[in-house]
Amino acid sequence: MTPETPIRLADDRAHVWHPFTQAQTAEPPIPVVSGKGALLFTADGREILDLISSWWVNIHGHARPEIARAIGEQASRLEQVIFADFTHAPAVNLAKQLSEVLPHGLTRVFFSDNGSTSVEIALKIAWQYWINCGAPQRRRYLALDGAYHGDTFGAMSAGASSGFYDPFKPLLFQVDTIPFPETWLDDPDVEAKEAASLAALDRWLDRHGNELAAFIAEPLIQGAAGMRMCRPQFMAAVVARIRSASGLVIFDEVMTGFGRTGTLFASEQIGVSPDLICLSKGLTGGFLPLSVTACSETIYSAFLGTNFDRAFAHGHSFTANPLGCAAALASLEITRAPETAQAWRRIEAKHREGMARLAEIPSLRQFRITGTVAACNIELPGTAYGAATSLALKKNFLARGLLIRPMGPVLYVLPPYCITDAELDRAYTAIAEVVTTISAV
Ligand SMILES: Cc1ncc(COP(=O)(O)O)c(C=O)c1O
């Protein structure tokens, strides 16, 4: 291996703009030199257990050799080629293999390179689909309250209620929302919350059903909203109503896809196939930026014709990048191995154990688990983004070698599937100690 280039924090401070960061008050970033499995290794020799799969992407852990090898082999053959008028084996094989595992009927794949663009594309396809079908009056989108779909303008519009985009609000287009029935374990109010949400949906559909272009949702778990979870039967009831109004259903499985919720896709637990699905993050095992928006043949055929006006005039320089596709093929092979599904069940069982231990801490409430994601709320002052308790939690977790980033008052664990039981035990013990100490201050 070539020697590691030293990381100079002064150069980082002078030249780099980090995402979602208030640089004036933030601690200096942690220089990371390598990773293996669930661990990251820092320049100053520390080991950090990555309990959030590095923003939910590294589903198989870091530096997985099979994926690294696939990228290397592809790089020495073909690294990139224009994807209009040209094609290549990694993209074709990936599209075919995805269509074999995706929810029924999603057989047509459009590539892009991050979760936000996959959402942008789904929203644009839905919009133009209705124009191509001769129903241009279908121009309303509906979403769930609190949803997060990414940081480009369409995705921000669909996620406007997440509260991240205040400066941009005047630039966003209208997306209506219905309440999200946030649910936790043994929640006595779940049925009432779901009924209220469905009643709001019924009222909205009575007024606007024949103008609905598409409904978009993160199925089962709203990630950035704070790992807010709902029951599959609620999502199924929503989809049934949207379909009775002939609206399209977009499932944003950018975070939930590839096993996160304990099944390959959250759609499986809901028992429905959406008309469009958005995937990214775990698609390449977190190695390279790639995303897909897959849709049904019915949608695809609406774009066919002898006239270019009917075509979908959208593309990115790196559409279907061969390296990303090769990484995705290697990652998919690991994801489809029986041991991976066993890991989802093992992690869920460990979450149940760990969350039961945390339930003894009075400041922790609203425990929830779906597949490999576990979360709860910490009820202490100062847990807003950037506030004192929130910063203290992050700092204390890091001091104990844990990468956990509370989202406001929400503590969550979303590990790579290769994490061991011993690593999870260690993590839950340390979380309990940190929260107990901070609660006592
Ligand atoms: C559900 C969901 N959709 C879309 C996105 C945006 O993905 P990206 O950050 O790759 O643009 C995210 C990112 O966290 C997400 O969680």
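Read the numbers this way: they start at 1 and go in the same order the structure lists the ligands and their atoms. Please read these numbers as outputs of a predicted model, since none were measured by experiment.
- The aromatic rings of Phe173 and Tyr141 are tilted relative to each other, their planes meeting at an angle between 30° and 60°.
- Residue Gly223 places no heavy atom under 4.0 Å from ligand 1.
- Summarising the local packing, CZ of Arg139 is surrounded by 12 or fewer heavy atoms from other residues, nucleotides or ligands at distances under 6.0 Å.
- The closest protein non-hydrogen atom to atom 11 (O) of ligand 1 is Ser116 OG, 2.6 Å.
- Looking at ligand 1, you won't find any N or O of Ser280 less than 3.5 Å from one of its N or O atoms.
- A side chain to side chain contact (heavy atoms under 4.5 Å, CB included) with Ile48 is found for exactly one of Leu402, Ile30, Val32, namely Ile30.
- Ring geometry for His316 versus His314: interplanar angle over 60°, hence perpendicular rather than tilted (30 to 60°).
- Closest to atom 12 (C) of ligand 1, if we only count protein heavy atoms, is Tyr148 CE2, 3.6 Å.
- The closest protein non-hydrogen atom to atom 3 (N) of ligand 1 is Asp252 OD2, 2.7 Å.
- Here the protein heavy atom with the shortest distance to atom 14 (O) of ligand 1 is Lys281 NZ, 3.0 Å.
- A donor-acceptor pair under 3.5 Å links the side-chain atoms of Arg368 to the main chain of Met227, judged by distance alone.
- When hydrogens are left out, the protein atom nearest atom 4 (C) of ligand 1 is His149 O, 3.1 Å; that is the closest non-hydrogen contact.
- Each of Val175, Leu276, Ile250 was compared with Leu123 under the side chain to side chain contact (heavy atoms under 4.5 Å, CB included) criterion, and only Ile250 meets it.
- The nearest protein atom to atom 8 (P) of ligand 1, hydrogens excluded, is given as Gly115 N, 3.5 Å; this is a heavy-atom distance.
- Contacts of Glu218 with ligand 1, taken as heavy-atom pairs under 4.0 Å, involve the side chain alone.
- Salt bridge status for Arg69 with Glu73: absent, with no side-chain N to carboxylate O gap under 4.0 Å.
- Atom 16 (O) of ligand 1 has its closest protein heavy atom at Trp56 CZ3, 3.4 Å.
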